[in-house]
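Lettering follows sequence order; numbering is per chain, from 1. Source: prediction; values computed, not measured.
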Amino acid sequence: MGSERGPDSTIEIGSDRPASLMRTTIIFILGLLITLAIWQIFAWTYNDVLERGVMRFPAPFETFVMLGEFLFEGKTLLGYTIYDHIVASVSRWMFAFALAAVVGVAIGTLFGYFTSLFSIGIVPISVFQMIPGLAWLPIALLLFGLGSNSAMFIIFIVSVVVIIIGVASGIRRVPPVIVRAAKMMGASDLELFSKVLMPYALVDIVTSLRVGMGSAWRVLIAAEMVVGTGVGLGYAITMTKDLLNYVGSFACIVVICIIGLLLDKVLFAEMEKYARHRLGMEEGY
Amino acid sequence: MTLVQIRGVTKAYYTSRRKDRARVVLDNVSLQFEDNEFICLVGPSGCGKTTLLNLIAGFESPTAGDVFYKGTKITSPSPERGVVFQEYSLLPWMNVLDNVKFALCSSDLSDDEKDNVALRALTMVNLSDSAYQRPNLLSGGMKQRVAVARLLAMDPDLWLMDEPFSSLDEQTRKKLDDDVLNIWRIKKKTIVFVTHNVDEALHLATRIVLFSQSPGQVIKEWNIPTTMSRDPTSSSMIALKKEITDAMPACACADICPIDIRM
Ligand SMILES: Nc1ncnc2c1ncn2[C@@H]1O[C@H](COP(=O)(O)OP(=O)(O)O)[C@@H](O)[C@H]1O
Ligand SMILES: [Mg+2]
């Protein structure tokens, strides 16, 4: 009580922040270097020690040179620039994931709020969850045939299941006394949803979107590899592999990793941090 | 005027998933609360005090019997009947002021007016200094005071308070009890206050209702005239306390040996 501090000035651990950010960055870079080192050692062992095959195992250096050519010298891959492949994959992913996010949050909220709906609805969802992404392929092909739509269907179904489960469990964790308090204060259904349930479950919702996004991105690449989309990073990997352009495949894989890391570590990590801060969860409740 | 009328209310909960066994929590309870009363519900834990409050608030509906508020049957919660919960019930991401303003969400005041009402309520519970703090920075006593401030802002005719200060230390509890008593005197509302502490009830109530152990039934009621001294060392208070303690069920075995009925 009796604090002189103004609005929203929680005890800011400001001086710690840059230091800890630096620490995480250094650790992250160190981790990347270790990854590269393992790759380099493996390639070197494969190519120069074992002298195994006719094919060279692409080493980091040649991969990054080829990636540079793709990125900066306009070198094409299967008739498309690397940017065309990226745009094709990312837009497929964004479209299907956005649809999954909307549908998943809506169904997840209903499941979370109505206990009877949850106990029935969770059964098919659990069954769907057991189906590995690519096992949806026959269904996708039956519904949409070969091509982009099948890939998007697989992304959608894989991420929507993750999101429904995450959002429902987030809503179910809202303490009943909070819901009762809101109703007692005269909150309408809409206010209960938007001002109580959603904010309370925000961290869980963001987390489930983050996990859903990760699954979507991974299955997107796999789906593109099998449904014959014509353009896209996954498609480029299978095709370059078939053309024995392994360095090209590796360059695509590096691009996939970079995009995935950016989305996860930058976009969603920030969103989650923001959600936690908004809820005052960092300081405990 | 009769504010709340509880007519032959029985409440049972299913105790098995197959819904073939139930447990009676309240057994044919009839009570009537008048305007400007300060009623204390006293009874062993697990006897259904919270359940009764939930029925009056409209969070749950009785298995048999009816509950009326100002003559109309209670079917759902409403800002006419404010509740201070036993657990902390603030929204953690809103500061204290916004938490109190949330209690005005169904009123059609302008935002400025809501600010004013909320600040006035916070001043009444001595929390205007903490208006912009998040609940997680508040002590338990302060959190419950915010919950009281919410009701001050809502200004319901009926206040339902479920052991609001039982988790606080003795000192703080007594202080807050006095604050509630003052609010009741100034605002002339009706308060239904649950406690398991006979001393607290004797200090606050104009009427004490004693519940039996589970299944909850009304054992006895005592009216405390306004003229009677509240000094706990006065002979009339000591006598009344002895009377209530003697009537109190010996053990709260509700949670140890639940009563089952087969259906
Ligand atoms: N939703 C519920 N489902 C099943 N049993 C319940 C439920 N709510 C309360 N009970 C049971 O009813 C009894 C009375 O509870 P309660 O009203 O909270 O008692 P009190 O507030 O007097 O301590 C307890 O034994 C409790 O286990
Ligand atoms: Mg209780």
Side-chain angles (χ1 to χ4, degrees), chain A residues 1-13 113 115-116 118-120 170-171 173-206 271-285, chain B residues 17 50 53-54 56-60 76-107 126-139 141-143 145-147 150-151 153-154 156 158-160 162:
Chain A
M1 249 204 324
S3 157
E4 260 78 51
R5 279 176 278 116
D8 272 350
S9 70
T10 44
I11 310 165
E12 210 50 73
I13 25 169
Y113 192 66
T115 311
S116 51
F118 180 83
S119 42
I120 300 169
I171 300 276
R173 286 201 318 171
V174 177
V177 66
I178 297 280
V179 176
R180 288 185 164 178
K183 284 185 176 167
M184 174 273 290
M185 292 186 279
S188 63
D189 286 347
L190 189 67
E191 281 168 323
L192 185 68
F193 173 79
S194 65
K195 293 187 179 168
V196 178
L197 297 179
M198 280 294 125
Y200 220 107
L202 192 62
V203 172
D204 292 288
I205 292 172
V206 172
M271 273 170 71
E272 207 170 298
K273 220 155 64 184
Y274 170 77
R276 275 181 200 284
H277 179 72
R278 230 181 86 87
L279 294 190
M281 281 189 174
E282 281 160 337
E283 300 99 322
Y285 175 48
Chain B
R17 293 200 69 159
T50 299
L53 236 49
N54 284 340
I56 303 172
F59 298 137
E60 291 176 40
S76 61
S78 143
E80 297 178 304
R81 285 167 270 123
V83 184
V84 177
F85 297 88
Q86 188 169 4
E87 308 100 313
Y88 303 132
S89 57
L90 305 180
L91 299 172
W93 59 92
M94 285 186 187
N95 66 30
V96 167
L97 183 67
D98 288 336
N99 262 290
V100 177
K101 273 171 75 180
F102 192 81
L104 299 166
C105 62
S106 63
S107 87
N126 258 317
L127 274 180
S128 46
D129 284 346
S130 309
Y132 297 102
Q133 286 182 359
R134 289 266 190 86
N136 55 0
L137 296 177
L138 307 181
S139 68
M142 290 158 89
K143 283 180 197 168
R145 264 149 65 193
V146 178
R150 282 201 303 215
L151 293 214
M154 274 164 61
L158 180 65
W159 289 45
L160 303 168
D162 189 5

Residue pairs fulfilling salt bridge (Lys or Arg N to Asp or Glu O under 4.0 Å) with at least one residue in residues 181-193 of chain A, sequence neighbours excluded: E191(A)-K195(A)
Can you say whether F102(B) sits under 4.5 Å from chain A via the side chain, the backbone, both, or neither, judging by heavy atoms?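 For F102(B), the contact with chain A is made by backbone and side chain together.
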Heavy-atom proximity to chain A below 4.5 Å, by part of A57(B):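 Neither; nothing under 4.5 Å.
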Are any non-hydrogen side-chain atoms of Q86(B) and V177(A) less than 4.5 angstrom apart? no
For residues L151(B) and M184(A), determine if any side-chain heavy atom of one lies less than 4.5 Å from a side-chain heavy atom of the other.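 Of all side-chain heavy-atom pairs linking M184(A) with L151(B), at least one is under 4.5 Å.
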Heavy-atom cut-off 4.5 Å, strictly under: side chain, backbone, both or neither for V179(A) against chain B?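 The answer is neither part of V179(A).
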Nearest heavy-atom neighbours spanning L91(B) and I178(A):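 Looking at all heavy atoms of both residues, the closest pair is CD2-CG2, 3.5 Å.
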Kindly compute the distance separating CD (E60(B)) from CZ (R180(A)), expressed to the nearest 0.5 Å.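 It comes to 5.0 Å.
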Counting heavy-atom pairs under 4.5 Å to chain A, which of C105(B), S106(B), P156(B) comes out on top? C105(B)
